[in-house]
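First listed ligand is number 1; within each ligand, the first listed atom is number 1. One is the number of the first residue; the rest follow in order along the sequence.
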Amino acid sequence: METHESKLLSVVIPAHNEAPGIANTLDTIKETLATCSMEWEIIVVDDGSRDKTFARLNELARADARIKSIRLSRNFGKEAALLAGLRTAKGDAVVTIDSDLQHPPQLIPAMIDAWRKGAKVVDAEKRSREKDGAFTRLRAKLFYSLLSKLGGINLQNSSDFKLLDRVVVDAITRDLAESQRFYRGLSDWVGYSHETIPFDVESRIKGEGKWTFWGLIHLATTAIVSFTSAPLR
Ligand code: UDP
Ligand code: MG
């Protein structure tokens, strides 16, 4: 008989220049996973880091076979790292989470509960962003209001912290051919039953935020071109 315990949870983590904090992040996530009564694997995607992230990951993977690291050949950006992780994940359910503990791993058990009750996508939604700087908050506000004005899609407060059922992972990784991705939009667009869990954005544990101005402009362009016909009109 298949039980909860025989199901596999994959945790996918994109990481770019996160050497100082990555071990602590994985420890914190492992503490939570120990309470989830599921088998698990952690897949960290090193997105072309120039620091010692990959070396640290290899040490951690040697010490625990459930930790896997993959490395992109250069810095492709978070969207590409997430996709590579989703393609590698073998889980019946997959959680995507940032590597800087701004997404609290303590939410994962509640996400699993919602999934066990039938949700195919569990979206962790930002309740407060007090710990994000004023500039980051303003930037996010502009980004989402542009998206909603141009395309009528409301992703305000959405995040990349999600749990996806296997059917949704397959729909996103196998059935869609886009090379430029906007994960938050796609996981909404594919449909299926969604459940939302609010969370408070934590402070970054170590290092700096990795977004450059042009990186964000690129993401916003991908989001707008993928999800709205406004540019055509
Ligand atoms: N990240 C990545 N590639 C990049 C930039 C960021 O994989 O080119 C990862 C980063 O290591 C972190 C997550 O994406 O795990 C979110 O990045 P960050 O904390 O810089 O962004 P913010 O919290 O401001 O959204
Ligand atoms: Mg962050």
Side-chain angles (χ1 to χ4, degrees), residues 10-29 42-57 60 67-89 94-108 123-144 147 155-162 179-187 199-223:
S10 304
V11 178
V12 166
I13 312 174
H16 177 64
N17 292 345
E18 302 283 7
I22 195 70
N24 177 44
T25 295
L26 294 197
D27 278 348
T28 310
I29 292 176
I42 293 178
I43 296 164
V44 189
V45 183
D46 175 6
D47 180 19
S49 296
R50 284 179 301 275
D51 68 357
K52 298 245 181 309
T53 301
F54 197 62
R56 295 292 298 121
L57 283 173
L60 297 164
I67 297 177
K68 286 148 202 156
S69 54
I70 51 179
R71 184 184 211 178
L72 304 188
S73 56
R74 64 167 169 86
N75 180 218
F76 280 90
K78 181 182 183 184
E79 292 289 323
L82 280 171
L83 181 62
L86 289 175
R87 287 203 165 125
T88 308
V94 181
V95 166
T96 51
I97 184 168
D98 281 0
S99 57
D100 56 5
L101 294 181
Q102 287 204 276
H103 297 159
Q106 298 75 11
L107 217 67
I108 294 175
D123 301 292
E125 205 173 80
K126 294 168 187 165
R127 178 169 41 205
S128 76
R129 328 182 45 133
E130 277 143 32
K131 293 186 183 150
D132 269 340
F135 177 65
T136 306
R137 292 206 302 263
L138 179 68
R139 208 173 54 184
K141 204 169 164 194
L142 277 172
F143 176 78
Y144 288 116
L147 206 57
L155 294 174
Q156 195 85 44
N157 301 327
S158 68
S159 78
D160 291 330
F161 186 18
K162 295 183 185 297
S179 62
Q180 300 289 329
R181 304 271 175 151
F182 180 53
Y183 177 58
R184 250 169 267 184
L186 275 182
S187 49
F199 77 101
D200 298 316
V201 178
E202 293 298 326
S203 308
R204 188 173 234 289
I205 37 153
K206 287 266 164 62
E208 301 284 316
K210 301 293 181 296
W211 286 105
T212 61
F213 177 72
W214 289 112
L216 272 175
I217 293 285
H218 182 77
L219 182 68
T221 310
T222 302

Q: Hey, are the side chains of Pro105 and Thr28 touching, using non-hydrogen atoms and a 4.5 Å cut-off?
A: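 A side-chain contact under 4.5 Å exists here.
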Q: Could you identify the single nearest non-hydrogen protein atom to atom 18 (P) of ligand 1 and state the distance to 0.1 Å?
A: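 Here the nearest protein heavy atom works out to Arg204 NH2, 3.6 Å.
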Q: Side chains of Phe54 and Ser49, heavy atoms from C-beta outward: is any pair under 4.5 Å?
A: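 No. Closest side-chain heavy atoms not under 4.5 Å.
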Q: Look at atom 23 (O) of ligand 1 and say which protein heavy atom is nearest, naming residue and atom and giving the distance to 0.1 Å.
A: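 Its nearest protein heavy-atom neighbour is Gln102 OE1, 2.8 Å.
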Q: Judged by atom type as modelled, is there a donor-acceptor pair below 3.5 Å linking the side chain of Ser159 to the main-chain atoms of Lys126?
A: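 No: the side chain of Ser159 does not pair with the backbone of Lys126.
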Q: Would you give the length of the straight line joining atom CG of Asp100 to atom NE2 of His16, rounded to the nearest 0.5 angstrom?
A: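 Output value for this atom pair is 13.0 Å.
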Q: Relative to each other, are the rings of His103 and Phe199 parallel, tilted or perpendicular (30° and 60° limits)?
A: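 Perpendicular, since the angle between the ring planes exceeds 60°.
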Q: Report yes or no: is the cationic atom of Arg74 (NZ for Lys, CZ for Arg) closer than 6.0 Å to the six-membered ring centre of Phe76, at no more than 45° off its axis?
A: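 Arg74 over Phe76 ring: yes.
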Q: Where does Ile13 meet ligand 1, judged by heavy-atom distances below 4.0 Å: at the side chain, the backbone, both, or neither?
A: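 For Ile13, there is no contact with ligand 1 at all, from either part.
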Q: To which protein heavy atom is atom 8 (O) of ligand 1 closest, and what is the distance rounded to 0.1 Å?
A: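 Checking every protein heavy atom, the shortest distance to atom 8 (O) of ligand 1 gives Asn75 ND2, 3.0 Å.
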Q: Please list, in number order, the atoms of ligand 1 under 4.0 Å from a heavy atom of Gly77.
A: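 Listed by number with element: 3 (N), 8 (O).
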Q: Do the charged groups of Lys78 and Asp98 touch, with an N to O distance under 4.0 Å?
A: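 Asp98 and Lys78: salt-bridged.
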Q: Can you name the atoms of ligand 1, numbered from 1 with element, that are less than 4.0 Å from a heavy atom of Ala15?
A: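 Near Ala15, meaning under 4.0 Å from one of its heavy atoms, ligand 1 has 7 (O), 11 (O).
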Q: Among all protein non-hydrogen atoms, which one is nearest to atom 1 (N) of ligand 1, and what is the separation to 0.1 Å?
A: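 Among all protein heavy atoms, the one nearest atom 1 (N) of ligand 1 is His16 CB, 3.9 Å.
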Q: Provide the tally of protein N/O/S atoms nearer than 2.8 Å to the Mg ion (ligand 2).
A: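 With waters ignored, the protein N/O/S count below 2.8 Å is 2.
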Q: Specify the protein heavy atom at minimum distance from atom 14 (O) of ligand 1: its residue, its atom name, and the distance to 0.1 Å.
A: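 Here the nearest protein heavy atom works out to Lys78 CD, 3.4 Å.
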Q: Of the protein's non-hydrogen atoms, which lies at the shortest distance from atom 20 (O) of ligand 1, and what is that distance?
A: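 The closest heavy atom on the protein side is Lys210 N, 2.3 Å.
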Q: To the nearest 0.5 angstrom, please state how far the NZ atom of Lys52 sits from the CG atom of Asn17.
A: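 Between Lys52 NZ and Asn17 CG, I get 11.5 Å after rounding to 0.5 Å.
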Q: Side chain to side chain contact (heavy atoms under 4.5 Å, CB included) with Phe161: which of Leu107, Val201, Thr96?
A: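 Going through Leu107, Val201, Thr96 one by one, the side chain to side chain contact (heavy atoms under 4.5 Å, CB included) with Phe161 is satisfied by Leu107 alone.
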Q: Would you tell me which option among Ser159, Ser99, Gly21, Ala84 has the nearest heavy-atom contact to atom 15 (O) of ligand 1?
A: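 Looking at heavy atoms only, the winner is Ser99.
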Q: What protein heavy atom sits nearest atom 16 (C) of ligand 1, and how far off is it?
A: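 Checking every protein heavy atom, the shortest distance to atom 16 (C) of ligand 1 gives Asp98 OD2, 3.3 Å.
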Q: Any N or O on Ala81 sitting closer than 3.5 Å to an N or O of ligand 1?
A: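 So ligand 1 has no N or O lying under 3.5 Å from an N or O of Ala81.
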Q: Specify the protein heavy atom at minimum distance from atom 9 (C) of ligand 1: its residue, its atom name, and the distance to 0.1 Å.
A: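 For atom 9 (C) of ligand 1, the nearest protein heavy atom is Pro14 O, 3.7 Å.
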Q: By number and element, which atoms of ligand 1 are closer than 4.0 Å to a non-hydrogen atom of Glu18?
A: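 Once the distances to Glu18 are compared, the set is 10 (C), 11 (O), 12 (C), 15 (O).
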Q: Identify, by atom number and element, the atoms of ligand 1 in contact range of Asp47, meaning under 4.0 Å from any of its heavy atoms.
A: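 Reading through ligand 1 atom by atom, the close ones are 2 (C), 3 (N), 4 (C), 7 (O), 8 (O).
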Q: With a 4.5 Å heavy-atom cut-off, do Arg184 and Asp160 have their side chains touching?
A: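 A side-chain contact exists here, since the closest heavy-atom pair is under 4.5 Å.
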Q: Within the structure provided, determine whether Thr88 and Ser10 are in side-chain contact (heavy-atom separation under 4.5 Å).
A: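 In short, these two side chains do not touch, never coming nearer than 4.5 Å.
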Q: Less than 4.5 Å apart, side chain to side chain, heavy atoms only: is that true for Leu26 and Val44?
A: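 Touching, per the 4.5 Å side-chain cut-off.
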Q: Please identify which of these residues, Asp46, Val45, Ile13, meets the side chain to side chain contact (heavy atoms under 4.5 Å, CB included) condition with Leu57.
A: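 In the set Asp46, Val45, Ile13, the residue that makes a side chain to side chain contact (heavy atoms under 4.5 Å, CB included) with Leu57 is Asp46.
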